[in-house]
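Okay, so here's the structure we're looking at.
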Amino acid sequence: MTNETLVSLENVEVHFEEEKGLFDFGDPDVVRAVDGVSLDIEENDVVALVGESGCGKTTLGKTSIGLQRPTGGSVRYRGQDIWDAKDGRGDVDTPYDEIRRSLQIIHQDPGSSLNPNRRVMKILEAPLKRWQEEMSAGDRRREVLEMLERVGMTPPNDYAGRYPHQLSGGEQQRVALIRALLMDPDLILADEAISALDVSLRVEMMDLMLELQEQFDTSFVAVSHDLSNARYFASHGDGRIGVMYLGRLVEVGPPEQIINNPKHPYTKVLRWATPDLRAGADGGEPPVRKIDIPDPKNPPAGCRFHTRCPKAREACRGDTQPPAYQLSSDHKVACFREDDGHEYWSSSPLPGTDDDPDSTESDAASSVLD
Ligand SMILES: Nc1ncnc2c1ncn2[C@@H]1O[C@H](COP(=O)(O)OP(=O)(O)OP(=O)(O)O)[C@@H](O)[C@H]1O
């Protein structure tokens, strides 16, 4: 991994205003899908975003590739603010078209993103026609066939002549991956790109993405609700796992740190909730006080996780959200417990937490996540 920053998110917010009914005159409800996230994505980087449904993974992923406009903060591609480039504000060093080409996406359901009326050859020639206008028709076809062969779709001529519905889910996802790569992108967002595949095909697809990542010098942001898959992808790609909770990035770090030595109490919950990873100390009750995830339209003050956290104290529900404490060059945690001098340590444990002297049995429930 080189240290050149490709995409830099600084204090990014994405707040969605919910539509009101015709006779509903109050202020619109605001969903804080992403709320104050900073993250640098390097060249040849791999970042796997994990967290419960609705925590903002997809929104953050789309914001990283310029598909979602943030309502606050900035998103830069090689130093150029993406939305300034789009709106033509200030001196634009990198044109928006180039940014769009460099930041690509593959979706969970490739079937719906591939034109059902076009054969694979036509689908895959399109990006080359658009971005490499000087390429001859013969070279274009050769390149497409070579890519099909590279991803194991052989004989390539046969696959090139098929329509998307004549491909399996795994083959459709390969075509979507080739189409993204033919744009010669710097970063691909893989949004739950393997979750619709049979379990047996998931590792194969992750291996293929990582193999091509090396060959094409591309970075990946992978959105996943499964911590084991995120671990596989991030560890084989020499990358990081980012754990999200209610719009916040609560921990980001190398996969082995996140799995074997998680620092944020919420990361421990995620590990507990992942059967493949639940072992030893995690074997018993879930390390959480309440199952219910708070409403993202009305998130708790202070640390977003304090209503469920078994370590929460009075200081966690104050006005301040925990900043990201840097534990090592690539490991950050947003929990007051990482600051030895924080008032957390002198404040009273909240009722029902591990340190509450009046607490008896944990009132944790037996199932935590969906
Ligand atoms: N266009 C939108 N308009 C309004 N609310 C939205 C919009 N997109 C997302 N949201 C809301 O923002 C929050 C975060 O959604 P997002 O899809 O980013 O979460 P996620 O972690 O990717 O969830 P999942 O794993 O279920 O896809 C959710 O409460 C969702 O309902």
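Both ligands and their constituent atoms are indexed starting at 1 by order of listing.
- Taking the salt bridge (Lys or Arg N to Asp or Glu O under 4.0 Å) definition, one finds that Glu314 meets it with Arg317, sequence neighbours left out.
- The 12-atom threshold is exceeded at CD of Gln215, counting heavy atoms of other residues, nucleotides or ligands nearer than 6.0 Å.
- Partners of Gln321 by side-chain hydrogen bond (donor to acceptor under 3.5 Å, both in side chains), not counting sequence neighbours, listed by chain and number: Arg248.
- Grouping Ile, Leu, Val, Met, Phe, Trp and Tyr by side-chain contacts under 4.5 Å, direct or through others, puts Met183 with Trp131.
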Inset, instruction - Take Asp330 and Arg240 through the salt bridge (charged side-chain N to carboxylate O under 4.0 Å, His left out) test and state the conclusion after the steps. - result: CA-CA 8 Å; Asp330 53 2; Arg240 292 167 289 163; over 6 Å; no
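- Geometric assessment of Arg313 against the ring of Tyr344 yields a positive cation-pi assignment under the 6.0 Å and 45° thresholds.
- Around ligand 1 you find Phe16, Val31, Ala33, Glu52, Ser53, Gly54, Cys55, Gly56, Lys57, Thr58, Thr59, Pro296, each with a heavy-atom distance below 4.0 Å.
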